[in-house]
Amino acid sequence: MLARIVTIAAILVVLVAVPPLLDIGWQNAMTNMLIASLFAVAFNLLIGQAGLLSFGHAAFFGVGAFATLHLMVVIEDGGLAFPTPLLPLAGAAGGFVIGAFAGYFATMRSGVYFALVTLAIAELFHSLAPHWDGLFGGEAGLSSMRMPWGGLIYGSPLEVYYLALGWTVLSVFLLWAYTRTPFGRLTLALRDNEQRVRFMGYNAHSTKVIIFAVSAMFSGVAGALLAISNETANYTLFSTHVSAQVVLHTFVGGSTVFFGPVIGASVFTLFAFFVSDVTRSWLLYQGLIFVLVMLYAPHGIGGLVDAHRRHWSQLRWSELAPAYGLAALSGLALSGATIFLVETFEVLFSPEYAAARRRADGAWPPFELFGLDWQAFGILTWAVPVLLAAAGLLLLPHARRALRQAWDGVLERTEADRAGSVSPELAGAAER
């Protein structure tokens with residue numbers, strides 16, 4: 001427990017101290033990272049704690065953003081003196097009210113039917129918003145400026161970042177505290193066995209409505225932070241892309257670990273920040289990462305970190321390091337082959353290359369990739385990805401075998417330690 005507190009404190013110190021040393025682009029990226037993290041943790045209250053998979057959580061994220069912008073417009077027009085740091089309360093209220101209403105109907109069903117109802121709710125907002133100018137500003141959306149308050153003008157990205165940091169830390173702490181309450185335990189029981197919860201006398205439907213509303217409320221806070229950061233919002237916030245993004249963040253980070261979604265959201269936000277300027281295929285790479293994580297680490301990155309933490313005393317790095325090294329080599333070779341092929345096809349099918357072919361009277365001119373010139377039908381152009389893929393596929397079975405053997409040893413030592421610690425207690429009980 002002490003190690004966990006120290007780790008969280010160290011991360012908070014970094015989050016507070018480092019941003020002033022970064023440029024504006026980095027500060028904006030870190031603000032987006034905080035917003036995505038809060039949204040993912042709020043979403044994980046449904047899927048990770050209650051076992052309810054929502055495909056339409058963008059609805060409550062967008063409602064929070066628009067509710068905040070309406071309040072910002074009123075403040076800007078001089079109709080209300082409201083502290084700027086408390087603007088996310090409007091998003092929380094909007095998310096809670098709409099979440100309670102939508103959740104009442106959505107939680108009447110479970111499983112795939114629940115997911116489809118939530119998807120329909122988000123699509124309803126997405127279809128309605130462009131045509132409802134008074135509430136959502138039509139296709140252009142709503143815009144408003146952050147107003148000064150308490151000596152701060154909120155004009156710089158750094159001030160917005162600290163506002164987002166404060167609300168994210170507070171909201172994540174409240175969600176963590178929620179999981180420690182009796183109602184939070186009831187949420188877990190609902191996920192594990194809803195029938196038993198009903199048998200114990202609880203109203204399962206009312207419980208799910210409350211959980212849904214709480215999750216929507218904190219999603220609304222995340223949407224409010226986005227509205228404050230961008231000072232604008234339009235109907236695209238209700239799109240399926242936003243709903244899919246939070247699902248992707250949560251599962252890649254690990255829905256079974258409380259801070260797993262934070263890891264997933266942070267990794268993918270920074271991935272987009274770095275890679276989106278380098279290649280137009282960055283969304284494809286995100287999808288591939290998601291598929292690979294689901295195939296080889298279904299509990300996500302957070303699950304891997306948690307497994308190492310729980311078995312730390314039984315880990316033998318002399319056994320694990322070669323296995324991890326082999327897996328890293330295999331992954332690098334396969335990643336290199338995939339990236340080479342994707343980028344090559346992107347160049348060959350691009351409008352720029354088609355124009356170059358027209359200038360060359362239909363011939364296939366050489367193209368530049370990774371700082372080198374390549375021939376479209378050159379042997380080396382296709383030999384490089386084929387050799388990389390072959391090397392990666394050759395190493396993959398050995399890496400999997402080595403990882404399995406190393407972790408079998410870890411689990412055997414854990415069982416042996418557990419048996420050794422229980423036996424004296426049993427012996428004492430037998431004597432008594």
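These values consider heavy atoms only, across backbone and side chains, with no hydrogens, waters or symmetry-generated copies.
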* Side-chain heavy atoms of Ile47 within contact of Leu52, under 4.5 Å -> no
* Distance, nearest 0.5 Å, that separates OG1 of Thr256 from CZ of Arg191 -> 8.5 Å
* When you measure from the side chain of Thr250 to the backbone N and O of Ser255, does any donor-acceptor pair fall under 3.5 Å? -> no
* To do: Answer with yes or no whether the side chains of Thr381 and Gln375 bring together a donor and an acceptor at under 3.5 Å.
  => no
* To do: Look at the aromatic rings of Phe125 and Phe238 and report parallel, tilted or perpendicular, splitting at 30° and 60°.
  => parallel
* Asked: Side-chain donor-acceptor pair under 3.5 Å between Glu343 and Thr279, yes or no?
  -> yes
* Step through it carefully: locate the ring centre of Phe340, locate the ring centre of Trp374, and say whether they are under 6.0 Å apart. => yes
* To do: List the steps and the verdict of salt bridge (Lys or Arg N to Asp or Glu O under 4.0 Å) for Arg310 and Asp306.
  => CA-CA 6 Å; Arg310 284 187 286 111; Asp306 190 55; 3.0 Å; yes
* Check: Thr232/Asn230 side-chain N/O donor and acceptor closer than 3.5 Å -> no
* Structure fact -> Heavy atoms of Pro385 and Ala337 approach each other most closely as O-CB, 3.4 Å
* Do the non-hydrogen side-chain atoms of Arg357 and Pro365 ever get within less than 4.5 Å of each other? -> yes
* What is the ring orientation for Phe61 with Phe39, classed by angle as parallel under 30°, tilted 30 to 60°, or perpendicular over 60°? -> parallel
* Asked: Considering residues, nucleotides and ligands other than Ile379, do more than 12 of their heavy atoms fall under 6.0 Å from its CD1?
  -> no
* Between Arg146 and Glu76, is the closest basic N to carboxylate O distance under 4.0 Å? -> no
* To the nearest 0.5 Å, how far apart are CG in Leu175 and CZ in Phe173? -> 11.0 Å
* What is the distance from atom CD of Glu123 to atom OG of Ser239, rounded to the nearest 0.5 Å? -> 8.5 Å
* Please check if the side chain of Trp382 supplies one atom and the backbone of Ala376 the other of a donor-acceptor pair under 3.5 Å. => yes
* To do: Ignoring hydrogens and angles, state whether a donor on the side chain of His249 or Thr269 is under 3.5 Å from an acceptor on the partner side chain.
  => no
* Asked: Taking the six-membered ring where the residue is Trp, are the ring centres of Phe136 and Phe66 under 6.0 Å apart?
  -> yes
* Any donor and acceptor pair, going by atom type alone, linking the side chain of Ser266 with main-chain N or O of Met33 inside 3.5 Å? -> no
* **Sidechain-backbone polar pair: Ser281 side chain, Leu284 backbone, donor-acceptor under 3.5 Å** => no
* Could you tell me whether the side chains of Thr414 and His311 share a donor-acceptor contact shorter than 3.5 Å? => yes
* Parallel, tilted or perpendicular: which fits the ring planes of His308 and Trp317, with parallel below 30° and perpendicular above 60°? -> parallel
* Tell me, do Val16 and Leu165 make a side-chain contact under 4.5 Å, heavy atoms counted? -> yes
* Asked: Salt-bridged, Arg413 to Asp417, with N to O below 4.0 Å?
  -> no
* Give a yes or no on this: more than 12 heavy atoms of other residues, nucleotides or ligands lie within 6.0 Å of atom CZ of Arg309. => yes
* To do: Kindly indicate, with the supporting measurements, whether the criterion side chain to side chain contact (heavy atoms under 4.5 Å, CB included) is fulfilled by Leu87 and Ile75.
  => CA-CA 10 Å; Leu87 283 174; Ile75 297 170; 3.6 Å; yes
* Around Met145, counting heavy atoms of other residues, nucleotides and ligands shown, do more than 12 lie under 6.0 Å from its CE? -> no
* To do: Tell me whether the centres of the aromatic rings in Tyr154 and Trp149 are closer together than 6.0 Å.
  => no
* **Closest non-hydrogen atom pair between Ser229 and Thr31, with its separation** => OG-CG2, 4.0 Å
* Only one of Phe218, Tyr104, Phe60 forms a ring pair (Phe, Tyr, Trp, His ring centres under 6.0 Å) with Phe212, so which one is it? -> Phe60
* Are the ring centres of Trp176 and Phe259 closer than 6.0 Å? -> no
* **Donor-acceptor side-chain pairing of Thr187 and Tyr178 below 3.5 angstrom** => yes
* Okay, side chain of Glu159, backbone of Gly155: is any donor-acceptor separation there less than 3.5 Å? -> yes
* Do you know which two heavy atoms are closest between Pro88 and Leu225, and how far apart they sit? -> CG-CD2, 3.9 Å
